[in-house]
Amino acid sequence: KANKSMASYLNVINQYINSCTLSPDLLFIRVSQAWCKTLDASSDELKGSKLKNLLSNPQDEQFINMQTALESDKDWSGELQLNDSNGNAVWFDISAQLEINEDTFLNEITLIAIDISDHKRIEVLSLTDSLTGLANRRHFDSVFDNELRRMQRNNTTLSLLLLDVDFFKQYNDLYGHQAGDLCLQTL
């Protein structure tokens, strides 16, 4: 009865939790059905391939930090952006834990990943002006505070450039809001 209960529990994890087992050189060994569904790939496609091949940016600092931690026998958690089989970016909050396989006595890495792509899209929207695609006031305030602290810490100077579009109100009134919007997007 205990084995049946454990099998049922493992089946639920397999279906609904993005998880996988990696070799020490970060090759996929086992992949959950949920992970395959999220990445739009089959288990056979992923097994034997390198996690690094899925990275949106092969030089990703977080990925390098993960490698360094795991090579030092330390657990790691952080965010990584991977590409699914169609090249679409998928953001994950990942926890990686080094374990010793009781059957083979070899090191393996277990990854548990939560898809945070929607959260990342909302984050980008909250920091971006929808018309121009430029950083908005909320982003400016955050970056400005960080840069002020850096300036004080390093005893350096900070430059700030402000732009004003001359006669924009008159342009907008004369040619209409759509033309004004196009003008701002062009600038």
Side-chain angles (χ1 to χ4, degrees), residues 17-28 35 38-39 49-84 86-99 107-172 177 180-187:
I17 305 293
N18 293 315
S19 63
C20 66
T21 305
L22 303 172
S23 66
D25 52 350
L26 304 180
L27 293 172
F28 286 99
W35 187 277
T38 302
L39 293 176
S49 67
K50 290 185 175 187
L51 176 62
K52 187 173 187 170
N53 294 345
L54 296 177
L55 288 175
S56 296
N57 172 11
Q59 304 303 319
D60 186 284
E61 185 178 333
Q62 287 281 42
F63 181 76
I64 293 167
N65 292 341
M66 181 183 80
Q67 280 182 305
T68 303
L70 294 170
E71 288 168 359
S72 302
D73 295 334
K74 295 179 182 167
D75 295 345
W76 178 86
S77 62
E79 296 177 357
L80 287 179
Q81 184 181 31
L82 305 178
N83 288 330
D84 68 13
N86 299 310
N88 300 313
V90 184
W91 277 97
F92 291 100
D93 184 2
I94 294 179
S95 294
Q97 184 174 7
L98 189 64
E99 299 177 353
N107 286 339
E108 291 181 346
I109 300 157
T110 300
L111 291 187
I112 304 292
I114 299 169
D115 183 346
I116 58 169
S117 300
D118 290 339
H119 174 77
K120 286 293 188 178
R121 281 189 278 281
I122 291 168
E123 185 178 297
V124 167
L125 289 173
S126 75
L127 298 174
T128 308
D129 177 75
S130 61
L131 177 64
T132 63
L134 298 173
N136 64 15
R137 174 66 185 261
R138 178 180 288 125
H139 190 201
F140 170 80
D141 290 343
S142 171
V143 169
F144 188 68
D145 286 342
N146 290 339
E147 291 304 318
L148 274 178
R149 284 194 295 274
R150 183 193 332 237
M151 177 192 73
Q152 292 166 342
R153 190 174 54 246
N154 297 332
N155 196 27
T156 59
T157 59
L158 177 67
S159 297
L160 179 63
L161 176 66
L162 296 175
L163 299 176
D164 183 38
V165 180
D166 289 338
F167 307 109
F168 180 74
K169 182 180 179 348
Q170 291 90 334
Y171 181 91
N172 209 33
H177 291 288
D181 289 351
L182 184 59
C183 177
L184 290 175
Q185 290 170 331
T186 303
L187 292 174

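Below, all heavy atoms of this structure are taken into account, side chains as well, without hydrogens, waters or symmetry copies.
- A salt bridge does not link R138 to D141: none of the charged nitrogens lies less than 4.0 Å from a carboxylate oxygen.
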All N/O donor-acceptor pairs, side-chain side in residues 59-72, below 3.5 Å, sequence neighbours left out:
from, atom 1, to, atom 2, distance (Å)
D60, OD1, Q62, N, 2.8
D60, OD1, F63, N, 2.9
N65, ND2, E61, O, 3.4
T68, OG1, I64, O, 2.9
S72, OG, T68, O, 3.0

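- Distance check: N172 CG to L184 CG gives 7.5 Å after rounding to the nearest 0.5 Å.
- For the atom pair CD1 of I109 and CG of D25, the computed distance is 8.5 Å after rounding to the nearest 0.5 Å.
- Residues satisfying the ring pair (Phe, Tyr, Trp, His ring centres under 6.0 Å) criterion with F168, sequence neighbours excluded, are absent altogether.
- Taking the ring centroids of F167 and Y171, they lie at or beyond the 6.0 Å cut-off.
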Going through the checks in order, is the side chain to side chain contact (heavy atoms under 4.5 Å, CB included) test met by F28 and L22? CA-CA 5 Å; F28 286 99; L22 303 172; 3.6 Å; yes

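- In this structure, the separation between CG on D75 and CG on L98 is 7.5 Å, given to the nearest 0.5 Å.
- For R153, the CZ atom counts as densely surrounded, since its 6.0 Å shell holds more than 12 non-hydrogen atoms of other residues, nucleotides or ligands.
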Hey, mind stepping through L54 and N83 against side chain to side chain contact (heavy atoms under 4.5 Å, CB included) and telling me if it holds? CA-CA 5 Å; L54 296 177; N83 288 330; 5.7 Å; no

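- Between E79 and K120, the closest side-chain pair of non-hydrogen atoms falls below 4.5 Å.
- What you find for A113 and W35 is that their closest heavy atoms are CB-CZ3, 2.9 Å.
- By the side chain to side chain contact (heavy atoms under 4.5 Å, CB included) test, N88 pairs with D84, N86, sequence neighbours left out.
- Inspection of the D115 and T38 side chains reveals no N or O donor paired with an N or O acceptor under 3.5 Å.
- Side chain of S117 to backbone of W91: a donor-acceptor contact under 3.5 angstrom is found.
- Counting only distance, with no hydrogens or angles, the side chain of S126 and the backbone of E123 share a donor-acceptor pair below 3.5 Å.
- Between atom CG of residue N136 and atom CG of residue L131 there is a gap of 12.5 Å, rounded to the nearest 0.5 Å.
- Note that the CG atom of L82 and the CD1 atom of I94 stand 5.5 Å from one another [nearest 0.5 Å].
- A distance of 10.5 Å separates OG in S159 from CE in M151, rounded to the nearest 0.5 Å.
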